[in-house]
Amino acid sequence: MENSFAITTTFIAYLIMMLAIGVIAYQRTKNSSDYFLGGRSLGPWPAALSAGASDMSGWLLLGLPGYAFAAGIEAFWLAGGLLVGTWLNWLINAKRLRTYSITTDSLTLPEYLSRRFNDNSKLIQVISAFFILLFFLFYTSSGLVAGGKLFETVFGLDYTTAVIIGTVCVVSYTLFGGFLAVSWTDLVQGLLMAAALMIVPVVAMEGGFSDVSNQLHNINPELLTLWNDSKGEPLSAIAIISLAAWGLGYFGQPHILARFKAARSNKDLKTARHIAVLWTAFSMAGALLVGVVGLIYVTNSGVSVDDGEKIFMLLVNAMFHPVVAGVLLAAILAAIMSTADSQLLVSSSALAEDFYKQVFKKDASSEEIVMVGRIAVIAISIVALILAMTPDSSVLGLVSYAWAGFGAAFGPALILSLYWSRMNRNGALAGIIIGGVTIVVWKQLSGGWFDVYEIVPGIIFSTIAIISVSLLTGEPEESVKAQHVTYKKHLAELD
């Protein structure tokens, strides 16, 4: 009872702190630019850690340790792909996207793509917004399921009540504070996540790294090789490509790309890149260590674990004082909240800026867009909450759909739009549609190369579509060419 009270008190204190940040951010949110991009005022630390925290979700403290728990060093293929993807995304996209979004006066990713190619039909903006709403609806609901399970465990509530409370907590500070609240809370949550992932394995490693290696070898020597699975069978090229290819998804994730557009200056982005890559490296290394150290702990103690993804919580409960355990377990909530709030905000901006303003009321004021955005947060949350009411819902299986879908639909279109002046509106539209559709179709196929992670063919086919359609349908309009010249001028000035 005493342990439960201490952990519960810690959780409540943490939630109150997050809500307080939301209230402060609300006082600084005056217009749609403030609400959706924080007035483009993020310094390097909040930009970097907000991007990282909103990216990783509960996967960093549950999924990756669980994978390492089961597969050992094989998990480095996945972690390494994500680390390289993080670095390349900041290197390739950050400065150019921020500069072009300023040149086109764009707040959202669909709005940027539409204005980049002077799409008067608004098809690019509306179709892009549709993909964002579709994928994020399921993505967000999966986060609410994870949050519900955590609240169920910590507070002893029934699942339905736990999901509702978790949803209210996330929605409250997103609703009032908008992007600033999301980014500032992500900064705190990112630091908490990294600290938890470094503290837990260090405390659990009694004999140091060499002892961990020796004990893993005694348990199963195959856990120490990159080239074989835990059964000793060689990893296929398809398996390695599929694991490493997760890093390709970064180039099209709207909630991560929003941090680039919201940065205070291009110069800050270089510093932010270093912070983001280091944070990702330390956090994922810690997550991998939690998994392998947890396996050693379970083997030596004789404790049974029905789900490897619970290994972080098992180590925390076994090795730390209840108050400290409460703080460390709050890191899981931080990971879940930092992603769910970003997804809600991007979804609400798509509904308000890219649907409502473009389709229903083109002359909507900035204040009206903020109001619609806040209503959208509530509406999307309710739908996601309904989907999350079944803990074993198949919606959880669509998380990989969302990552691959965004990466394939938006990644090639974004990168080529920033670097290739010959790209036109038809090419962009073709790439977005074919990239998204390929993900859905490829997922239904199996056998041979059809087993490769669907993001690989999605990005390949999307890139081919953009280049071929752009070359076959004529050069961009003169206004688009002139805008690209202005963009390159601004890029040189802002650098």
Side-chain angles (χ1 to χ4, degrees), residues 32-33 36-42 44 47 51 88-125 127-129 179 250-254 256-273 346 349-350 353-354 357-358 409-432 435 462-463 465-467 469-471 473-495:
S32 57
S33 177
F36 294 125
L37 282 185
R40 301 184 191 271
S41 63
L42 292 190
L88 288 176
N89 194 29
W90 280 91
L91 184 68
I92 293 173
N93 283 337
K95 287 185 179 181
R96 288 175 178 260
L97 179 57
R98 179 182 181 275
T99 302
Y100 226 136
S101 68
I102 292 174
T103 302
T104 57
D105 190 26
S106 307
L107 296 181
T108 68
L109 182 60
E111 185 179 32
Y112 157 71
L113 291 170
S114 180
R115 293 187 178 183
R116 164 68 175 85
F117 300 104
N118 195 24
D119 180 24
N120 294 322
S121 70
K122 302 301 180 184
L123 267 177
I124 290 178
Q125 194 164 354
I127 290 175
S128 296
F179 192 88
Y250 279 106
F251 304 118
Q253 304 299 318
I256 299 173
L257 298 171
R259 272 63 186 176
F260 302 160
K261 293 180 288 184
R264 187 172 54 197
S265 70
N266 279 12
K267 292 180 180 179
D268 282 340
L269 287 171
K270 182 177 181 180
T271 303
R273 182 175 77 241
V346 172
S349 67
E353 286 280 349
D354 304 314
K357 187 174 182 179
Q358 301 305 321
F410 298 125
L414 176 64
I415 292 175
L416 288 172
S417 74
L418 297 174
Y419 287 88
W420 191 34
S421 60
R422 179 62 178 79
M423 182 177 174
N424 62 22
R425 174 257 189 194
N426 294 330
L429 194 57
I432 292 169
S462 176
T463 303
I466 293 169
I467 294 174
V469 172
S470 292
L471 293 176
T473 55
E475 295 192 3
E477 300 175 7
E478 290 302 320
S479 60
V480 174
K481 291 182 179 178
Q483 179 180 251
H484 195 70
V485 171
T486 303
Y487 149 72
K488 288 194 289 186
K489 180 182 178 181
H490 285 171
L491 184 64
E493 291 172 350
L494 291 173
D495 279 349

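Fair warning: this is a prediction, and the values are worked out from it, not measured in the lab.
Atom NZ of K489 is surrounded by 12 or fewer heavy atoms from other residues, nucleotides or ligands within 6.0 Å. Environment of NZ in K122: crowded, with over 12 heavy atoms of neighbouring residues, nucleotides or ligands closer than 6.0 Å.
H484 and Y487 have their aromatic ring centers within a separation under 6.0 angstrom. Taking the six-membered ring for Trp and the full ring otherwise, F260 and W90 have centroids separated by under 6.0 Å.
For the residue pair S265/D268, the side-chain donor-acceptor check at 3.5 Å is satisfied. R425 and T473 share no side-chain donor-acceptor pair at under 3.5 Å.
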Q) Checking side chain to side chain contact (heavy atoms under 4.5 Å, CB included) for the pair V480/R116: CA distance, chi angles, key distance, verdict? A) CA-CA 7 Å; V480 174; R116 164 68 175 85; 3.4 Å; yes
Go through F251 and F410 one step at a time and tell me if the ring-ring contact (aromatic ring centres under 6.0 Å, His included) criterion holds. CA-CA 7 Å; F251 304 118; F410 298 125; over 10 Å; no
Notebook entry, point to check: Given the rule in the side chain to side chain contact (heavy atoms under 4.5 Å, CB included) test, do L416 and I467 qualify, once you have shown the distances and angles that lead to the verdict?
Noted result: CA-CA 9 Å; L416 288 172; I467 294 174; 4.3 Å; yes
- I would like to know whether L97 and K261 meet side chain to side chain contact (heavy atoms under 4.5 Å, CB included); could you show each step before the answer? CA-CA 6 Å; L97 179 57; K261 293 180 288 184; 3.8 Å; yes
Hey, mind stepping through S417 and F117 against side chain to side chain contact (heavy atoms under 4.5 Å, CB included) and telling me if it holds? CA-CA 9 Å; S417 74; F117 300 104; 3.7 Å; yes
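Nearest heavy atoms, S114 versus I124: N-CG2, 3.9 Å. Of all non-hydrogen atoms in L113 and S128, the two that sit nearest each other are CD1-OG, 4.2 Å. Nearest heavy atoms, N424 versus G474: ND2-O, 2.8 Å. Shown here for R422 and S470, the closest heavy-atom pair between the two residues is NH1-O, 2.8 Å. Of all non-hydrogen atoms in A413 and I432, the two that sit nearest each other are CB-CG1, 4.1 Å. Scanning all heavy atoms of the two residues, the minimum distance from A430 to V469 falls at CB-CG2, 3.8 Å.
Within the 3.5 Å criterion, the main-chain N or O of L107 finds a donor-acceptor partner in the side chain of E111. Remark: the backbone N or O of I102 is not paired with any side-chain donor or acceptor of S106 at under 3.5 angstrom. No side-chain donor-acceptor contact under 3.5 Å links R96 to the backbone of Y419.
At a threshold of 4.5 Å between non-hydrogen side-chain atoms, the residues L88 and N93 do not count as touching. Side-chain contact between L257 and Y250 is absent, with no heavy-atom pair separated by less than 4.5 Å.
Salt bridge absent: E477 and K481 never bring a charged side-chain N and a carboxylate O closer than 4.0 Å.
Q125 pairs with exactly one of T108, D354, D119 by the side chain to side chain donor-acceptor pair (under 3.5 Å) rule, that one being D354.
In this structure, L42 CG and L269 CG are separated by 10.0 Å, a value rounded to the nearest 0.5 Å. With values rounded to the nearest 0.5 angstrom, N89 atom CG is found 8.0 Å from L414 atom CG. Separation of atoms CG (L418) and OG1 (T99) is listed at 9.0 Å; rounding is to 0.5 Å.
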